[in-house]
Amino acid sequence: MTTRTGTPERTGRGERFDPSSYEQRWRERWEADGLDEANDNDPRPKRYVLTMYPYPSGDLHIGHWYAATGPDIVARMRRMQGQNVMFPMGFDSFGLPAENAAIDRGAHPWEWTEQNVERMRTQFRSMGCMFDWSREVVSSDPAYYRWTQWLFVQFFKAGLAYRAMAPVDWCPKDQVVLAREQVEGVNRVCWRCGTPVVKRDLEQWFFRTTNYADEMLDFSKIDWPEPIRLMQTNWIGRSEGAEIDFPVEADGVDAIRVFTTRPDTIFGATFMVLAPEHPAVAAMTTPERKADVEAYVAAARRETEINRLSAEREKSGVFIGSYAVNAMTQERIPIWIADYVLPGYGTGAIMAVPAHDERDYAFAAKYELPIRYVVLPPGGTVPEGEPLVAHTADEVLVDSGEFSGMSATEAIPAITRQLTDLGLGEPAVTYRLRDWLISRQRYWGAPIPIVYCPEHGAQPVPEDQLPVLLPEDVDFVPTGVSPLQSHPEFVHVSCPQCGGDARRETDTMDTFVDSSWYFLRYCSPHDAERPWDPEAVARWMPVDMYTGGAEHAVLHLMYVRFFVKALRDMGHLTFDEPFMALRNQGDILGADHHRMSKTRGNVVNPDDLTSRYGSDTVRLFLMFIGPWNQGGPWNPTGIEGVHRFLGRVWSVAQAAPAGERGDQPELTRALRRATHLTIAGVGDDYAAFHFNTGVAKLMELTNAIVKARDVGLAGTDAYADAVDTLLLLLAPFAPHIAEELWARRGKPYSIHQQAWPIHDAELATADTIELPIQVDGKLRDRLVVTRDTPADEIERLALASEHVQRYLAGRSPRRVIQVPGKLVNVVTPDL
RNA sequence: GGGCGAGUGGCGGAACGGCAGACGCGCCGGCUUUAGGAGCCGGUGUCGCAAGACGUGCGAGUUCGAAUCUCGCCUCGCCCACCA
């Protein structure tokens with residue numbers, strides 16, 4: 001960026017434009033007056049606007065400004081439109097970075113967090129957002145996490161929190177387990193540190209998110225962006241099909257149950273494949289196959305630990321010696337194990353139909369297993385050397401007994417029904433979604449409020465003993481087990497049931513648990529008796545507009561939906577969805593097109609910009625650079641432009657009435673028209689989060705006002721109305737300058753409590769219109785006519801145009817198309 | 001491999017199927033200034049002196065009319081990834 005001095009400019013009208021002279025002053029006044037505090041008893045319609053509370057990482061960067069300014073504009077506009085707006089802010093202050101930073105610096109996570117929160121509070125205030133700080137929540141505050149723990153207990157009592165041994169993802173660097181949602185990408189890396197995860201069998205706490213899989217697929221009640229809905233839908237991954245039993249002859253095993261989405265292909269099932277981890281493998285393995293099978297299972301387990309990389313890896317597996325019976329063909333089919341069958345999905349076993357599944361095909365080809373085509377296109381031929389996977393409506397079954405000749409679509413229910421009648425199966429639905437693993441083997445989180453009694457098992461901590469306080473004197477350097485284990489006074493407790501010696505759970509909760517209910521706490525943040533006041537929640541919830549990053553699509557944004565639905569079913573809430581509308585801002589990247597990070601050194605510090613230009617300019621610039629949901633690499637070159645724009649606003653709002661040329665009715669009407677066109681356009685833009693075009697319209701109005709001033713209209717009512725309107729429409733974007741100029745114009749404090757301007761369609765309409773005249777769709781001329789000119793007159797004028805005549809060359813047009821008020825298109829006989 | 005999204009001036013970006021390039025940056029010229037900066041005024045898609053022609057990643061199509069809709073391809077971004 002070229003360095004410019006922050007010297008305030010002279011506008012030529014005598015008044016200095018110097019944001020530093022008023023911005024801070026107005027912010028202090030607003031805060032002192034409690035202007036932005038939402039009133040619980042305000043009778044006007046409520047509006048709950050919320051932006052994702054940040055992690056207190058240290059310094060606010062330009063991305064925080066970008067994310068917060070958008071919803072702030074909308075919140076401010078809603079307030080001016082007469083709604084009782086709540087726009088709270090807080091801090092998501094538990095979590096790993098605090099712990100890691102504390103380890104690096106030898107400080108306590110609590111100190112580090114406190115300092116950062118304090119600094120960010122100050123920085124946040126400099127943005128001039130209408131945050132209601134009286135409602136601030138800090139999730140690492142015992143007054144908050146007490147209720148996080150209380151909620152855990154409710155989930156536990158309702159059977160929605162359970163402890164189970166399972167193969168889980170473990171980050172070897174952070175020394176902690178992760179939820180499936182926190183493992184990313186092809187390489188299965190930790191979402192925090194990018195280290196490839198490994199599988200471990202561990203006993204952990206889970207929330208039963210899968211109970212709500214079906215309900216979470218229903219987005220009909222909420223206005224959320226399509227990409228988010230799609231990602232959640234895919235993540236939940238609902239598959240319809242059937243579970244089918246394949247009888248086997250082996251000690252202690254009657255049958256193997258498989259899940260398939262293609263029961264219509266059962267006549268082509270020529271072998272079975274089980275996950276190596278399948279519990280029936282050992283019992284069904286014949287003695288002569290035992291050595292091979294055990295070797296494969298051990299290899300698979302080892303492979304699992306260094307990460308089961310998938311994709312185009314070559315299939316492998318071994319025959320276990322036993323056979324199952326295909327109930328439809330009555331054939332004996334061999335049972336194999338292979339690691340391409342996953343233990344956690346479906347039943348962990350499949351019927352392999354190599355003719356109609358690519359993976360089964362590859363496996364059959366490698367091990368020379370029979371491939372039998374049983375579903376073909378009508379009159380179709382058997383493909384050569386490849387499976388026929390495509391599933392279309394007009395495929396027909398062949399070699400399928402009584403079902404031959406039936407379409408695949410009909411055969412699915414028909415075969416499922418017959419299997420059901422035979423007691424060998426039933427329709428089934430499977431999901432890819434797994435339960436949410438919430439245990440974390442780290443220190444800086446809310447302790448899981450559970451006590452283990454040798455006699456009574458896992459017991460919740462009685463609610464009147466909450467919070468389970470996080471002890472401060474803990475060595476929290478990660479060792480792979482929770483640091484709290486090394487704190488004897490914390491661990492040794494008595495059983496809440498029998499009072500006998502018991503042991504406290506030492507894992508803490510995933511921070512996503514904290515953030516799954518903070519929006520409820522904002523409704524009654526100081527309630528010491530309950531997590532929330534039901535009346536306050538009834539008043540404010542659900543959130544009307546939620547904003548934040550799309551990276552939380554299957555994390556936070558899925559967990560909150562689960563939380564609300566579960567709490568509803570427990571009787572604590574009365575609504576189904578937390579956030580009625582959702583909008584995602586884009587990411588502001590570094591100038592190098594990479595994500596901003598301290599290690600890359602590409603972080604943009606907003607403080608430098610605000611001290612040079614003021615907050616209003618920075619806010620306006622961020623909203624102007626492009627569509628808000630798009631973001632983009634940081635490039636400050638245009639900031640001078642919006643600063644100049646505010647300078648022009650400053651100048652026109654204080655223009656001295658120079659009455660020497662007062663009577664110019666046409667120009668006056670044009671100014672009124674510009675004013676009302678802007679009112680009409682701008683409100684829609686703001687509501688749709690199209691801030692960039694909203695700013696452009698404000699600039700256009702300002703340019704029109706500048707012109708009006710220059711022709712001597714500064715003393716007219718139309719001029720005053722135009723300026724007042726401009727300030728009102730600008731107030732959500734640039735709250736300080738709007739307030740300052742409003743005051744200088746002698747208007748009542750505060751501009752932010754004024755009514756939003758109302759658009760007058762009459763005034764916005766011009767009496768003449770300019771019509772583009774096309775010939776064969778190409779622009780050839782323009783026609784200025786009065787608005788009420790009849791169509792046949794317009795056609796006559798258009799055809800009379802010499803430009804049109806040149807293309808007609810004396811011929812009559814084949815057609816003349818008129819779009820009333822829009823354009824005329826003359827179609828020549830050539831076309 | 002699958003899904004989703006995006007390709008428009010030198011740049012950021014506008015454009016209910018109807019005047020492509022709003023608004024802004026940058027650049028050019030002018031005013032002002034001792035000079036520089038700032039400010040203000042005007043110009044600025046490409047080719048052309050002009051008339052005009054050509055222009056929204058590439059190629060087809062639908063339409064009176066396509067940046068916009070359809071199909072195929074190319075490039076980039078994001079998400080998922082052996083899910084039976």
Side-chain angles (χ1 to χ4, degrees), chain A residues 2 4-5 7-12 17 184-186 188 226-231 233-235 237-239 241 258-262 265 273 275 308-313 315 338-342 344-353 356-360 362-363 430-434 550-551 553-554 586-587 593 621 624-627 630 632-633 635-642 644-645 647-648 651 690 692-700 702-703 706 710 770-782 813-819 821-828 831:
Chain A
T2 51
R4 298 270 162 74
T5 63
T7 314
E9 298 88 40
R10 293 257 161 206
T11 60
F17 169 45
E184 297 179 335
V186 195
R188 315 306 302 146
E226 175 75 17
I228 302 288
R229 301 201 312 253
L230 253 169
M231 273 191 261
T233 302
N234 292 339
W235 188 263
R238 179 188 159 100
S239 289
V258 303
F259 172 76
T260 179
T261 55
R262 296 289 306 273
T265 62
V273 187
R308 227 156 162 172
L309 268 172
S310 54
E312 279 102 52
R313 197 159 70 101
K315 300 272 175 294
D339 64 5
Y340 80 90
V341 175
L342 306 174
Y345 183 79
T347 61
I350 62 161
M351 63 175 201
V353 186
H356 304 290
D357 181 278
E358 278 188 43
R359 293 149 303 178
D360 297 344
F363 195 81
T430 306
Y431 302 89
R432 302 178 57 170
L433 179 72
R434 308 296 155 82
E551 70 274 13
V554 295
D587 290 325
H593 291 61
F621 174 62
F624 185 58
I625 51 178
Q630 208 169 286
N635 176 2
T637 47
I639 197 166
E640 295 287 346
V642 292
R644 275 200 283 272
F645 159 63
R648 280 201 299 282
S651 153
H690 295 161
N692 57 331
T693 53
V695 175
K697 290 185 175 94
L698 296 180
M699 288 173 166
E700 286 182 82
T702 304
N703 292 343
V706 168
D710 292 347
E770 190 185 72
L771 286 178
I773 309 300
Q774 296 181 333
V775 177
D776 296 338
K778 289 202 168 69
L779 178 71
R780 298 304 179 191
D781 202 358
R782 289 160 202 283
R814 208 177 66 182
R815 257 173 98 185
V816 177
I817 288 156
Q818 275 201 49
V819 183
K822 273 284 184 188
L823 60 46
V824 180
N825 187 18
V826 178
V827 185
T828 67
L831 212 64

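Reminder, nothing fancy here: chain letters follow the sequence lines and each chain counts from 1.
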Watson-Crick or G-U pairs under 3.5 Å in RNA chain B, rendered as dot-bracket with [ ] for crossing pairs and | for another strand: (((((((..(((.....[....)))((((((.......))))))(((....)))..(((((..]....))))))))))))....
Nearest whole angstrom, please: distance from the P of B/G24 to the CD1 of A/Ile639. 16 Å
Hey, what do you get for OG1 (A/Thr233) to CE (A/Met231), rounding to the nearest 0.5 Å? 10.5 Å
Heavy-atom pair of closest approach, residues A/Phe621 and A/Val642: CB-CG2, 3.6 Å
Salt bridge or not between A/Lys697 and A/Glu700? Use side-chain N to carboxylate O under 4.0 Å. no
Considering only atom P, compute the distance from B/U56 to B/G61 and round it to an integer number of Å. 16 Å
Using atom C1' in both nucleotides, what's the gap between B/U62 and B/U68 to the nearest angstrom? 14 Å
Describe the nucleic acid contact of A/Thr430 in one word from base, sugar-phosphate, nothing, applying a heavy-atom distance below 4.0 Å. nothing
Roughly how many Å is it from CG in A/Leu342 to P in B/A81, rounded to a whole number? 11 Å
For A/Gln818, run the side-chain contact (heavy atoms from CB on, under 4.5 Å) check against A/Asn825, A/Val824, A/Leu823, A/Val826 and tell me which one passes. A/Val824
Between atom CD in A/Glu226 and atom C1' in B/C79, what is the gap in whole Å? 14 Å
Just how far is it from atom CZ of A/Arg648 to atom CE of A/Met699, taken to the nearest 0.5 Å? 7.0 Å
Please pick, from B/A84, B/C82, B/C11, the nucleotide with the shortest atom-to-atom distance to any side-chain atom of A/Val341. B/A84
Those residues at least two apart in sequence (or on a different chain) that pass salt bridge (Lys or Arg N to Asp or Glu O under 4.0 Å) with A/Asp781 are none
If the plane angle is over 60° it's perpendicular, under 30° parallel, otherwise tilted; pick one for A/Phe363 and A/Tyr340. tilted
I'd like a table of atom pairs between the protein and nucleotides 52-54 of chain B - only N or O on both sides, under 3.5 Å - with the distance next to each one.
{"unit_1": "B/A53", "atom_1": "OP1", "unit_2": "A/Arg780", "atom_2": "NH1", "d": "3.2"}
{"unit_1": "B/A53", "atom_1": "OP1", "unit_2": "A/Tyr807", "atom_2": "OH", "d": "2.7"}
{"unit_1": "B/A53", "atom_1": "OP2", "unit_2": "A/Arg780", "atom_2": "NH1", "d": "3.1"}

Nearest heavy-atom contact between A/Pro772 and A/Lys822 is CD-O, 3.0 Å
Determine the Euclidean distance between corresponding C1' atoms of B/C71 and B/G1; express it in Å to zero decimal places. 22 Å
Considering only atom C1', compute the distance from B/A20 to B/G65 and round it to an integer number of Å. 14 Å
First encountered from the 5' end of RNA chain B, between A/Asp776 and A/Met699: A/Met699
Hey, what do you get for CD1 (A/Ile639) to CZ (A/Arg644), rounding to the nearest 0.5 Å? 11.5 Å
Per atom distances to the A/Pro627 side chain, the nearest of B/G13, B/G24, B/C82 is B/G13
With a 4.0 Å cutoff (strictly under), does any side-chain N or O of A/Thr637 reach OP1 or OP2 of B/G12? no
Can you check the A/Gln630 CD to B/G7 C1' distance for me, whole Å? 11 Å
Name the residue closer to the 5' end of RNA chain B, choosing between A/Asn703 and A/Val826 according to the nucleotide with the nearest heavy atom. A/Asn703
Could you pull out the closest heavy-atom pair between A/Val341 and A/Gly348, with the gap in Å? CG1-O, 3.5 Å
Under a 90° cut-off about 0 for the syn range, is B/G29 syn or anti? anti
Atom NE2 of A/His690 to atom C1' of B/C16: distance rounded to whole Å? 13 Å
Separation of the C1' atoms in B/C19 and B/A67, to the nearest angstrom: 14 Å
With rounding to whole Å, what would you report as the distance between B/C54 and B/A35 at their P atoms? 48 Å
How about A/Glu358: does its CD atom have over 12 heavy atoms from other parts shown lying under 6.0 Å from it? no
Could you tell me which residues satisfy salt bridge (Lys or Arg N to Asp or Glu O under 4.0 Å) with A/Asp357, sequence neighbours excluded, listed by chain and number? A/Arg359
Whole angstroms only, please: what is the NE2-P distance between A/His593 and B/C11? 12 Å
Enumerate all atom pairs, one protein N or O and one N or O from nucleotides 40-45 of chain B, separated by less than 3.5 Å.
none

Integer angstrom distance from the P of B/G10 to that of B/C58: 14 Å
Atom-to-atom span, CZ of A/Arg815 to P of B/U63 - whole angstrom: 11 Å
B/A84, OP1 or OP2 - any side-chain N/O from A/Tyr340 closer than 4.0 Å? no
Using atom types as modelled and distance alone, determine if a side-chain donor or acceptor of A/Arg815 lies under 3.5 Å from a backbone N or O of A/Pro813. no
Distance, rounded to the nearest Å, where A/Asp339 contributes CG and B/C82 contributes P: 11 Å
State, to 0.1 Å, how close A/Ile350 and A/Asp360 come at their nearest heavy-atom pair, and which atoms those are. CD1-OD1, 3.4 Å
Expressed in whole Å, how much space separates the P atoms belonging to B/G2 and B/G72? 13 Å
Quick one: CE on A/Met351 to OG1 on A/Thr260, what's the gap to the nearest 0.5 Å? 4.0 Å
Between A/Leu771 and A/Gly821 the two heavy atoms that sit nearest each other are CD2-C, 3.7 Å
Sort me out a list of protein N/O and nucleotides 18-22 of chain B N/O pairs below 3.5 Å, or just none if empty.
{"unit_1": "B/G18", "atom_1": "N2", "unit_2": "A/Gln774", "atom_2": "OE1", "d": "3.3"}
{"unit_1": "B/G18", "atom_1": "N2", "unit_2": "A/Asn825", "atom_2": "ND2", "d": "3.4"}
{"unit_1": "B/C19", "atom_1": "O2", "unit_2": "A/Arg782", "atom_2": "NH1", "d": "2.0"}
{"unit_1": "B/C19", "atom_1": "O2", "unit_2": "A/Arg782", "atom_2": "NH2", "d": "2.9"}
{"unit_1": "B/C19", "atom_1": "N3", "unit_2": "A/Arg782", "atom_2": "NH1", "d": "3.3"}
{"unit_1": "B/A22", "atom_1": "O2'", "unit_2": "A/Glu700", "atom_2": "OE1", "d": "3.4"}

